[in-house]
Amino acid sequence: MGEVAKLILEGKTYELPVVVGSEGEKAIDISALRAKTGYITLDPGFANTGSCQSAITFMDGEKGILRHRGIPVQELAAKSSFVETAFLLINGRLPRREELKRFSQLLNEHSLVHEDLHSFYRLFPRESHPMLILASMVTALRAFYPRLVGLSQSEEINITVTRLLSKLRTMAAMSYKLSLGHRVIYPRPDLSYCANFLNMMFDNPVRPYQLDDELVKALDVFWILHADHEQNCSTAAVRVVGSARVNLYAAVSAGIAALWGPLHGGANQQVIEMLEQIQAGGGEVRPFIARAKDKNDEFRLMGFGHRVYRTYDPRAQIMQDMCHRVLDKLQRQDPLLDIAKRLEEEALKDSYFQDHNLYPNVDFYSGILLRALGIPNNMFTVMFAIGRLPGWIAQWKESAQDPEWRISRPRQVYVGQTETRYVPMEARDGKEGEAAEPQQRPSEPYSAVLPRP
Ligand code: SDX
């Protein structure tokens, strides 16, 4: 019998098994806790709660370690490609030459989007956020690509996965082009995954887009750095929604919605807007540091802090290096990069940030790299979503094939009104008997004047 945890409740001692991971992480298995003790655990934000055992990504927040299937992210960024990293995450190993070639061919074959889907874009108001459009379009894909009958589960998963990996990138570029009122640029069979995306975004009939290998490589590294991050908010959303045995498109759409949040993937757009605000104010960073520390001010230093990393996010360092490489290649200066570096320097010297273990995370420099590539601010989180898709898919697939996997249905501790009686309308309006006690009088919901529908 392995190590156990002892729990003493109401004078009784209970033993709970301890699970030890391949990197020595330890967890108390509480799956039988309620049956044994009648108690549940409570952990808002799940900061101390593991939802699964996974073999995909390992993070050590204290040491700033990030590995995918055991390979450090620094090595993948230096030696791999986004398509190869996607294969690694989804299939659990690096592909052989022929496998990688076949995978790339499949991604190319599935890169077109059903023509009827084009009209969906025109139904959104022109100023709609691209993340809203992306989440809707991914769910809509199911209508055009229903279940593949007659195939084994793994064959159906492989085709669905390849379709989604390729089409998400195409749909993202389409939303940008159509938001400009421009003609959609189709994917080309002669271009790589990343080069195709840049071409679909920026090529146009009167000014053909000149592909630059350095920029294509920068985008490849950008997406490798975003490919997976164990049980982050959006991946947890994909797993929870996927646990109801819904199709992959719907589960990924839930992940896109979660990623859109400013505390999560939406932070990359917020960082740039914060840096632009600092620039507009003359470039002084200290007032923003002071605001971030002020508990009465809801402002946060966007791109700083992390639930897991208690040191520098290893991806942020690589991202900063990529910013310099791309700006040097373009022979361009970006004043926001200088502001970002001064902001980082000031923050890391400040005891508040040191005491709270707040360091730059993946979002702090990513917007500056995307700006250099010509990506508009409101597409930054879409870029994060394209990068994170292989991770969402790998995690969904791992959970779908886990014999232990059940529908996710957390418990709660009820702290509301204990049993009471139904109050007839007359009494509620105080027309009969005691009027409702003032402190019990409910707030006046729905009293706000709602905008026109
Ligand atoms: C991503 O999980 C992942 O892996 C996510 C991600 C991925 O690849 O999937 O890495 C991508 O989402 C990166 C994070 C992007 N978000 C931001 O940059 C937004 C700014 N950061 C924060 O809001 C915050 O740091 C979070 C959301 C990232 C983490 O929140 P936690 O772990 O819930 O921490 P918390 O909000 O409880 O803060 C703990 C303390 C608080 O102070 P006290 O009340 O304890 O005194 O730290 C303070 C917070 O006020 N704090 C900050 C801060 N982040 C935390 N104070 C100022 N500025 C900040 N950015």
Side-chain angles (χ1 to χ4, degrees), residues 43-51 54 56-62 64-68 73 77 85 89 131 222-239 255-275 285-319 340 343-344 346-348 350-368 380-381 383-392 394-395:
D43 183 21
F46 307 124
N48 306 281
T49 299
S51 64
S54 177
I56 300 169
T57 289
F58 171 69
M59 288 170 65
D60 180 318
E62 279 65 39
I65 292 173
L66 173 60
R67 299 190 202 122
H68 297 313
V73 70
T85 301
L89 286 167
M131 281 297 274
F222 175 90
W223 277 337
I224 289 172
L225 294 178
H226 287 81
D228 191 52
H229 218 233
E230 54 133 277
Q231 303 312 313
N232 60 85
C233 180
S234 54
T235 298
V238 170
R239 278 183 172 258
I256 294 171
L259 188 72
W260 190 11
L263 294 188
H264 191 13
N268 57 16
Q269 180 178 347
Q270 304 272 326
V271 167
I272 287 295
E273 289 167 4
M274 174 183 71
L275 296 174
V285 299
R286 277 187 289 265
F288 288 81
I289 301 274
R291 283 190 61 196
K293 294 160 59 177
D294 178 358
K295 289 303 166 201
N296 300 316
D297 187 334
E298 61 180 26
F299 172 80
R300 287 200 160 184
L301 212 55
M302 301 313 276
F304 257 75
H306 200 275
R307 173 63 59 77
V308 175
Y309 290 125
R310 291 296 171 246
T311 182
Y312 216 97
D313 182 333
R315 303 166 297 175
Q317 190 54 59
I318 302 169
M319 200 70 81
L343 187 58
E344 174 189 337
E346 280 302 314
L348 295 187
D350 187 292
S351 59
Y352 172 89
F353 289 82
Q354 291 165 0
D355 298 347
H356 284 83
N357 295 303
L358 301 175
Y359 293 84
N361 58 49
V362 68
D363 293 315
F364 191 62
Y365 288 104
S366 62
I368 292 165
F380 287 1
T381 312
M383 298 299 285
F384 191 145
I386 298 171
R388 183 52 51 87
L389 182 58
W392 287 334
Q395 300 272 351

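All ligand and atom numbering here is 1-based and tracks the order in the structure. Because only heavy atoms are used, hydrogens play no part in the values below, and waters and symmetry mates are left out as well, while side chains stay in.
- Here the protein heavy atom with the shortest distance to atom 44 (O) of ligand 1 is K295 NZ, 3.7 Å.
- Protein heavy atoms are absent from the space less than 4.0 angstrom from atom 34 (O) of ligand 1.
- Each salt bridge (charged side-chain N to carboxylate O under 4.0 Å, His left out) pair with one or both residues in residues 350-361, not counting sequence neighbours, appears once here: K293-D350.
- In terms of protein heavy-atom proximity, atom 40 (C) of ligand 1 is nearest to H356 CD2, 3.6 Å.
- Counted within 6.0 Å of CZ on R291, heavy atoms from surrounding residues, nucleotides or ligands total more than 12; the atom is thus considered enclosed.
- Within 4.0 Å of atom 7 (C) of ligand 1, at least one protein heavy atom is present.
- Partners of R388 according to the salt bridge (Lys or Arg N to Asp or Glu O under 4.0 Å) rule, which considers only residues two or more places apart in sequence or in another chain, do not exist here.
- If you check which protein heavy atom lies closest to atom 16 (N) of ligand 1, you get L263 O, 2.8 Å.
- Between C233 and ligand 1, not a single N/O pair is under 3.5 Å apart.
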When you look at I56 and Q395, which way does the side chain to side chain contact (heavy atoms under 4.5 Å, CB included) test go after all the steps?
CA-CA 7 Å; I56 300 169; Q395 300 272 351; 3.8 Å; yes

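- The closest heavy-atom contact to atom 21 (N) of ligand 1, among the options Y309, Y359, F304, comes from F304.
- Protein non-hydrogen atoms do not reach within 4.0 Å of atom 37 (O) of ligand 1.
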